[in-house]
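Worksheet: the structure to be examined is printed underneath.
Both ligands and their constituent atoms are indexed starting at 1 by order of listing.
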Amino acid sequence: MNSPSVLLGVAGGIAAYKSAELLRRLTETGHSVRVLPTASALEFVGAATFEALSGKPVHTGVFADVPSVPHVKLGQEADLVVVAPATADLMARAASGRADDLLTASLLTARCPVLFAPAMHTEMWEHPATRANVALLRSRGVVVMEPASGRLTGKDTGPGRLPDPAEIAEVARLLLERADALPQDLAGRRVVVSAGGTREALDPVRFLGNRSSGRQGYALARVAAQRCAAVTLVAAHTADLGDPAAVDVVRVGSALEMRDAMRAAGKGADAVVMAAAVADFRPVAAAGHKIKKDGSEPAPLALALNPDILAELVAAREPGQVVVGFAAETGDSSGGPLHHGRAKLARKGCDLLVVNAVGDGQAFEVADNAGWLLGADGSETELAIGSKALLASRVWDAVASRLA
Ligand code: C5P
């Protein structure tokens, strides 16, 4: 397959410096990227940076290289347009259909998915003019990401920060995999997702843990937030993952902490997804001090059973609430992963169960995932191999249709 052709628009905000990292991520993962900065973006980052990183010429206006008609062709030939950062001014120009530079002209000729990653001060993001422009762009099918919250230029904080370049790259990949992956069908919904692996303390320095990276749960939270849900992510131990933009993150350590956090956040939620790898057992008692070796044989480890949080959430399910579980399965002499998944769905009583085949480098600590989505109504959908964000978008499709 040819490398996907991506147009990277860069508007004139201080976050323009982060577009160089996004560009690097896109080119390193095999995309052919042409950068279209606005004239003000070049006040922040020089054209040479974009030319060196993309290997392609950089122009802002429509009068460069006129014989090749770039203001029409670039948009027509793109597989994806990403604008990061998208400033309030760029979104206003795009919403009103202006074509006064190469980027806005290309936005009018593009028929591929278009992704805007906004960055601006909170006041600008919340201004009715910007809200109206965002709503208009979204109604036309543009994916306008929810910005992150945090430190803005200067000392102030609030929503309006550019989402992390890794997160923008993940959403960009998702739109190339599936153009319709991010409808706004979770607007007005509140969802809770657990992620990562719990750690059960043996003493102040040791624990029983597992290999979960948290990537699938983070992708679920990220995709739900970008489908406009209010999202709480209950995160146990994970790989070094940045907080997803526009998501409320609650950190926990042990299974018992996760149970408390899930039960609290799950009250009144429209959907609850248990993607975390919860330890089934915990040491009966954690030593208050580091257990010392003294040359003698250690005492056998006494373990207690942890509560099954998913089963408790099912038992406490409120009318209309959708509860989703995950099952990592390997085949054995009694059947394959799907067979075990069906039995688990019946046992756990959840509405949906994602079954992942694990082992042989599948599912754990890798970027891609595949499996089946089983419904309590007997439905069974194969989830073809793709990014964890793609799998997340399929799960939210099923949740959204049950909530509707
Ligand atoms: O039974 P098993 O551990 O395979 O079930 C996996 C599902 O149950 C996952 O959704 C996981 O988050 C959840 N689980 C739980 N509490 C446990 C163990 C697993 O909620 N103690």
Side-chain angles (χ1 to χ4, degrees), residues 191-201 207-221 224 232-238 250-267 269 271-284 303-317 321-332 334-359 362-365 369 371-376 383 388 391-392 394-396 398-399:
V191 306
V192 185
V193 178
S194 70
T198 61
R199 288 182 166 185
E200 310 300 317
F207 54 83
L208 299 177
N210 61 66
R211 289 173 55 192
S212 172
S213 67
R215 287 201 174 89
Q216 185 59 68
Y218 271 56
L220 280 154
T232 303
L233 172 64
V234 176
H237 180 75
T238 66
V250 177
R251 294 198 193 280
V252 296
S254 65
L256 293 180
E257 286 172 21
M258 174 163 282
R259 173 216 227 171
D260 290 346
M262 287 304 292
R263 284 169 67 134
K267 280 202 186 81
V272 186
V273 183
M274 277 301 298
V278 185
D280 292 318
F281 311 106
R282 66 180 181 278
V284 167
L303 296 175
L305 189 62
N306 270 332
D308 187 318
I309 304 169
L310 179 60
E312 290 188 359
L313 291 168
V314 167
R317 178 172 40 197
Q321 192 178 58
V322 179
V323 180
V324 186
F326 270 71
E329 300 289 347
T330 58
D332 61 19
S334 65
L338 191 51
H339 167 83
H340 291 296
R342 282 201 198 94
K344 186 163 287 180
L345 174 66
R347 220 169 38 243
K348 298 254 182 185
C350 44
D351 300 287
L352 290 163
L353 187 77
V354 180
V355 182
N356 298 128
V358 295
Q362 298 177 103
F364 282 121
E365 298 171 292
N369 210 351
W372 299 269
L373 181 60
L374 308 183
L383 304 166
K388 290 186 173 177
L391 188 142
R394 302 261 187 237
V395 172
W396 292 122
V399 170

Measuring from atom [atom1] of [X] to atom [atom2] of [Y], what distance do you get when rounded to the nearest 0.5 angstrom?
X: R342; Y: E329; atom1: CZ; atom2: CD; result: 12.0 Å
X: L383; Y: W372; atom1: CG; atom2: CH2; result: 9.0 Å
X: L208; Y: T198; atom1: CG; atom2: OG1; result: 9.0 Å
X: E257; Y: R251; atom1: CD; atom2: CZ; result: 13.0 Å
X: L374; Y: K344; atom1: CG; atom2: NZ; result: 11.5 Å
X: E200; Y: L256; atom1: CD; atom2: CG; result: 6.5 Å

- Hey, does A327 sit under 4.0 Å from ligand 1 if you only count heavy atoms? no
- Under 4.0 angstrom from ligand 1, any heavy atom of P307? yes
Could you tell me which atoms of ligand 1, counted from 1 in the order shown, lie closer than 4.0 angstrom to a heavy atom of [X]?
X: M274; result: 9 (C), 10 (O), 12 (O), 20 (O)
X: G325; result: 10 (O)
X: D308; result: 15 (C), 16 (N), 17 (C), 20 (O), 21 (N)
X: L310; result: 7 (C), 8 (O), 10 (O), 13 (C), 15 (C), 20 (O)

- Restricting to heavy atoms, the pick from M262, H340, K344 nearest atom 4 (O) of ligand 1 would be K344
- Task: From atom 3 (O) of ligand 1, work out which of V323, D280, T198 has a heavy atom at the shortest distance.
- Result: D280
- Item | Under 3.5 Å donor-acceptor, Q321 side chain and A269 backbone | yes
- Item | Backbone of L391 reached by a side-chain donor or acceptor of Q216 within 3.5 Å | no
- Task: Check each of V355, L352, L353, D351 against L345 using the side-chain contact (heavy atoms from CB on, under 4.5 Å) test, and report the only one that passes.
- Result: L353
- List the closest protein heavy-atom neighbour of atom 7 (C) of ligand 1: residue, atom name, distance to the nearest 0.1 Å. F326 O, 2.9 Å
- Query: To which protein heavy atom is atom 16 (N) of ligand 1 closest, and what is the distance rounded to 0.1 Å?
  - Reply: I309 N, 3.0 Å
Short N/O distance, under 3.5 Å, between [X] and ligand 1?
X: K348; result: yes
X: A277; result: no
X: A276; result: yes

- Side chain, backbone, both or neither: the part of A255 lying under 4.0 Å from ligand 1 by heavy atom: neither
